[in-house]
Amino acid sequence: MNDEIESLLTVNGETRRVRAPLSRRLSEVLRSDLGLTGTKVGCDAGDCGACTVLLDGRQVCSCLTSLGQARGRAVLTVEGLEHDERLRRLQEAFVLAGATQCGICTPGMLMAAAELASRGTAPTPEEIHDTLGGVLCRCTGYIKIVEAVQACLHRIALAPPAGGGSTGAVGTRLPRVDGWPRVTGRAKYGADEVPRDALCLRIVRSPFVHARFRIGDTGDILARHPGMVRILTARDVPHNVFSVFPRLRDQPVLADGYARYRGEAIAALLGERDAVERFAVAELPVAWEELPAASGIAAALDPRAMTLHAGRAGNVLVEGRQITGDVTAQAGGRGVTGRFETPFVEHAYIELEAGMARRIGDRIEMFVSTQTPYMNRDEIAWVLGIEPAAVRIVPSAVGGGFGGKIDMSLQPVLAVAAWLADRPVVCAYSRGESMCVTTKRHPAVMAAKLTCDESGRLASYEFHADFNTGPYASCGPIVASRVPIHAAGPYRVRALRATTRAVHTNDAIGGAFRGFGVPQCAIVHEALVDELAEAIGMDRLEFRLLNALDEGDRTVTGQKLEHSVGMKACLERLQPVWHEQLAAVTAFNATPGRTRRGVGIGCMWYGIGNTSQPNPSSIQVGIDARARITLFSGAVDIGQGVSTVLLQICADALRVPVGAIELVSGDTDRTLDAGKSSASRHTFISGNAVLLAVEDLKARIRRHAGASAGAQVVFGKGTVAVGAGGASTGLALGALPADAAGMVVTGTGFYNPPTTELDANHRGSPYATYAFGAQLALVEVDTVLARVKVRHVWAAHDVGRAINPTQIEGQIHGGIAQGMGLALMEEYVPGRTDNLHDYLIPTFGDMPEVTIFLVEAGEPLGPFGAKGIGEPALIPTAPAILNAVAHAAGVRPRRAPLTPTRLWELLNARDSSPNPLESFVTLPGDTR
């Protein structure tokens with residue numbers, strides 16, 4: 001370009017020459033011109049801080065800093081930290097403390113911390129919050145980041161690595177096995193692989209919420225725009241439809257004349273990057289006919305509303321129900337009712353959707369950020385009209401998912417472009433594009449009635465929820481089927497009637513988000529449990545203890561809970577704190593003032609894995625001719641730590657150090673299908689598959705050695721010995737033929753948890769095991785400004801067995817942060833909050849103090865007794881906070897999030913008129 005000039009700048013101590021426009025973003029210079037992809041881009045607006053670097057020792061957002069501003073100055077990026085001993089200690093502290101999970105924010109956090117380290121002082125937590133406060137994290141809840149910085153700059157010794165040099169890894173605080181690449185900037189995310197000959201793909205989207213359209217002749221556009229290669233439309237896609245569920249395929253890769261939501265992909269521009277970015281979308285000849293939009297559940301259910309999909313009458317995608325007993329005949333004498341609403345909630349992972357695809361002969365290979373490599377593989381094969389074996393998915397490092405990367409985003413159109421162009425193609429969403437078109441937590445409108453007898457024992461529960469699933473199916477069926485089972489919470493009830501509907505609208509797409517609808521229904525059952533306890537004059541925690549599920553009880557589906565039911569144990573761990581805080585709050589509120597305090601409790605249960613469906617995982621463990629061990633795992637680590645946990649399980653099953661095992665993860669050409677990274681399933685299900693793979697490996701080794709089935713197999717450094725009774729013989733591995741992966745012996749484990757479909761009477765075992773938990777929240781309410789500050793959360797969770805306590809704590813911290821967002825601040829409004837300054841997520845300053853109690857009610861079916869924690873960590877937080885607000889302010893929140901405006905309205909309506917959301921909405925089947 002004519003405005004390119006040569007600039008000199010010092011990057012990580014080296015003088016670098018760059019020829020580019022002075023207006024070019026420093027982040028682009030570092031990533032594209034210098035190949036320093038450790039600097040991440042999450043917004044290009046200075047909102048997320050992922051691109052933070054040091055400029056002459058001071059932190060700046062490199063996405064807001066121009067090359068002209070950096071000329072002649074010193075730039076330090078994450079790649080330069082490990083060459084400075086003092087700053088390398090920061091990186092080590094982040095790994096040891098568990099301060100990196102998905103890792104996408106870690107470079108920015110480290111650079112901000114590096115500025116703090118340069119001051120040479122021992123910072124207070126407040127100074128750490130202030131200095132690192134410009135960098136957002138969606139995974140960790142910030143607490144372990146603060147701990148890492150404090151440990152480094154205060155010279156506090158962190159626990160040394162465990163399980164890496166000796167056996168006995170399960171139960172230890174083993175640092176993440178993928179931690180070092182994340183703190184050095186070497187981990188490669190979806191946007192970090194850009195081949196030199198790659199074309200760029202840009203998607204053209206509908207500006208209308210609901211419209212028909214026609215694309216005119218585009219023949220002359222390529223001639224007028226050098227560098228443009230092709231304009232893709234619906235007719236270029238062999239099978240122009242995909243979905244999470246093949247039987248419900250309803251989402252077009254590129255819409256064919258009909259757009260069902262704002263941001264629907266209608267075309268794609270393929271060409272050289274500069275040409276594609278310069279192209280004005282207004283030049284594309286599109287004629288639009290705007291249609292009436294069904295925004296919100298009520299509008300979509302209106303009989304006059306346009307049906308968005310043929311065969312889905314009334315815009316109802318699917319219905320769910322769970323019926324147990326007779327809620328009318330078995331109702332108790334005391335009851336409470338309520339109507340509740342929750343909004344769209346954005347995943348707000350810091351990594352934007354991005355990837356690269358290339359055609360290699362008759363195969364397509366894709367490097368993408370995904371939670372579901374095998375589901376991606378199969379749907380890409382369907383879209384292209386080729387066999388699944390002709391598709392290779394290589395997952396990148398995943399910069400946060402939380403369910404949002406279960407659905408495919410750019411993968412189908414990226415695959416089509418690369419298939420047709422026969423050149424590598426890259427695509428990356430902008431922040432606004434990501435938030436506009438990807439899935440969200442389902443909004444819900446819920447009504448319920450809970451009754452008990454005079455002794456306080458729960459009798460009946462009626463519940464109905466309508467979920468806004470948006471224009472396409474996505475995970476709507478999962479939400480509609482899971483919620484009725486969980487609707488009454490972790491309590492014994494004699495009778496239940498729970499019904500759900502997933503409703504199509506022209507709003508954003510409702511998909512998976514950490515809990516599949518259970519966080520929404522938990523707000524309802526926990527509020528009503530509080531109200532019912534108060535109505536009969538019982539302590540709120542004691543009321544829960546009286547009714548909590550226990551070993552030997554049956555669930556609402558008739559499933560007998562034989563083992564690992566830690567609900568009461570969680571409540572008992574919190575009991576002393578509860579009584580202490582109630583007394584402290586009473587004393588505080590006895591003093592006149594505008595600030596009131598309250599303490600609330602929230603309980604949860606969660607079925608691990610898919611609901612009443614086959615839910616298998618296949619894992620392989622192999623050894624090569626030099627007795628080197630490799631774990632081949634299709635389980636994608638999205639920050640939850642599954643790679644580390646599976647290695648810990650594998651190491652103890654083999655009786656070797658974790659460091660003796662190599663890991664191959666996610667690649668569909670090199671691993672088997674371990675299922676998707678969701679539903680808190682991998683520790684339990686893939687962990688069991690690892691144990692079975694190890695047993696199969698040992699059995700195959702015994703057969704090669706001609707040993708008996710009971711012979712001991714010992715894995716040593718460079719050797720494998722087989723024997724019994726003190727005598728052993730080394731196996732001549734070098735004499736065995738190697739497979740394509742270089743392994744001479746490979747064991748395969750396949751585990752499908754023992755579940756059943758629910759029968760016609762809604763009876764069965766939908767999950768093999770359940771997680772349980774309870775949280776207490778202490779809040780402070782400013783009754784004048786209507787602001788809520790969460791001061792402390794105490795969390796007790798039954799995890800079965802804590803395979804890695806550090807990682808479990810990190811999951812709980814992150815879950816609390818997201819649950820707090822659901823309760824108090826997060827609400828996605830299509831077209832209004834497509835960025836990270838209008839859409840608010842918790843920051844350093846928002847996080848409360850957190851105290852964790854791990855309850856280990858071992859699950860006999862689980863690997864070493866383990867279950868799961870990813871989703872359970874979030875579920876009780878919002879109920880606990882909202883119940884605490886009710887305790888503090890004397891008003892009952894019925895709509896989340898409880899923003900200052902909504903709380904102000906509740907406080908001002910308290911003495912003048914009833915809260916309109918207090919009224920009970922008649923439930924389906926209720927004749928009153």
Side-chain angles (χ1 to χ4, degrees), residues 296-297 317-322 338-347 402-404 439-450 461-470 474-490 498-503 505 507-530 602-607 611 678-680 773 775 815-816 818-828 871-883 892-898 902 917 921 923:
I297 293 168
L317 166 65
V318 66
E319 295 180 313
R321 63 177 47 220
Q322 179 62 45
R339 179 183 185 275
F340 298 78
E341 295 183 26
T342 63
F344 280 116
V345 182
E346 161 66 21
H347 299 88
F402 320 113
T439 62
K440 309 284 179 276
R441 185 182 296 286
H442 287 75
V445 176
M446 299 167 287
K449 177 182 179 180
L450 180 66
Y461 191 59
E462 298 175 73
F463 173 88
H464 178 74
D466 285 329
F467 291 97
N468 183 342
T469 205
S474 181
C475 292
I478 302 176
V479 172
S481 63
R482 181 179 279 268
V483 166
I485 297 168
H486 291 79
T499 56
T500 57
R501 292 184 293 190
V503 180
T505 71
D507 299 323
I509 304 172
F513 189 167
R514 208 170 187 175
F516 292 111
V518 178
Q520 294 96 304
C521 74
I523 290 174
V524 180
H525 63 65
E526 289 306 286
L528 295 185
V529 165
D530 257 26
C603 293
M604 59 73 56
W605 70 320
Y606 192 77
T611 305
S678 73
S680 304
Q775 294 180 9
I816 288 170
Q818 291 185 357
M820 184 171 61
L822 170 62
L824 299 177
M825 65 182 71
E826 295 191 42
E827 181 170 13
Y828 176 77
E871 289 154 302
L874 174 147
I875 295 167
T877 308
I881 291 171
L882 296 174
N883 283 345
R892 172 58 61 182
R894 301 288 203 205
R895 185 177 178 187
L898 184 62
R902 288 173 185 154
L917 287 181
V921 172
L923 292 158

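Excluded from the calculations below are hydrogen atoms, water molecules and symmetry mates; all remaining heavy atoms, backbone and side chain alike, are included.
- The only member of Glu871, His347, Gln818 that meets side chain to side chain donor-acceptor pair (under 3.5 Å) when paired with Arg514 is Gln818.
- Evaluation of the side-chain hydrogen bond (donor to acceptor under 3.5 Å, both in side chains) rule for His486 yields no partner, not counting sequence neighbours.
- Annotation: side-chain hydrogen bond (donor to acceptor under 3.5 Å, both in side chains) contacts of Ser481 (sequence neighbours excluded): none.
- A salt bridge does not link Lys440 to Glu826: none of the charged nitrogens lies less than 4.0 Å from a carboxylate oxygen.
- Looking at heavy atoms from C-beta onward, Met604 lies in side-chain contact with Pro872 at the 4.5 angstrom threshold.
- Here Asp507 pairs with nothing under the salt bridge (charged side-chain N to carboxylate O under 4.0 Å, His left out) rule; sequence neighbours left out.
- Qualifying ring-ring contact (aromatic ring centres under 6.0 Å, His included) partners for His525, counting only residues two or more places apart in sequence or in other chains: none.
- Residues Pro897 and Leu824 fail the side-chain proximity criterion, which asks for heavy atoms closer than 4.5 Å.
- A side-chain N or O of His442 and one of Thr469 form a donor-acceptor pair less than 3.5 Å apart.
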Run the numbers on Asn883 and Arg892 for side chain to side chain contact (heavy atoms under 4.5 Å, CB included), then give the verdict.
-> CA-CA 8 Å; Asn883 283 345; Arg892 172 58 61 182; 2.6 Å; yes
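- Annotation: side-chain hydrogen bond (donor to acceptor under 3.5 Å, both in side chains) contacts of Ser678 (sequence neighbours excluded): none.
- With a 6.0 Å cutoff to the six-membered ring centre and a 45° limit on the axis angle, Arg441 does not count as a cation-pi contact of Phe516.
- Defined by atom type and a distance below 3.5 Å, a donor-acceptor pair is missing between the side-chain atoms of Gln520 and Thr342.
- Remark: of the listed residues Arg894, Met446, Arg339, Met446 is the sole one forming a side-chain contact (heavy atoms from CB on, under 4.5 Å) with Val524.
- Scanning for salt bridge (charged side-chain N to carboxylate O under 4.0 Å, His left out) contacts around Arg321 gives an empty result, with sequence neighbours left out.
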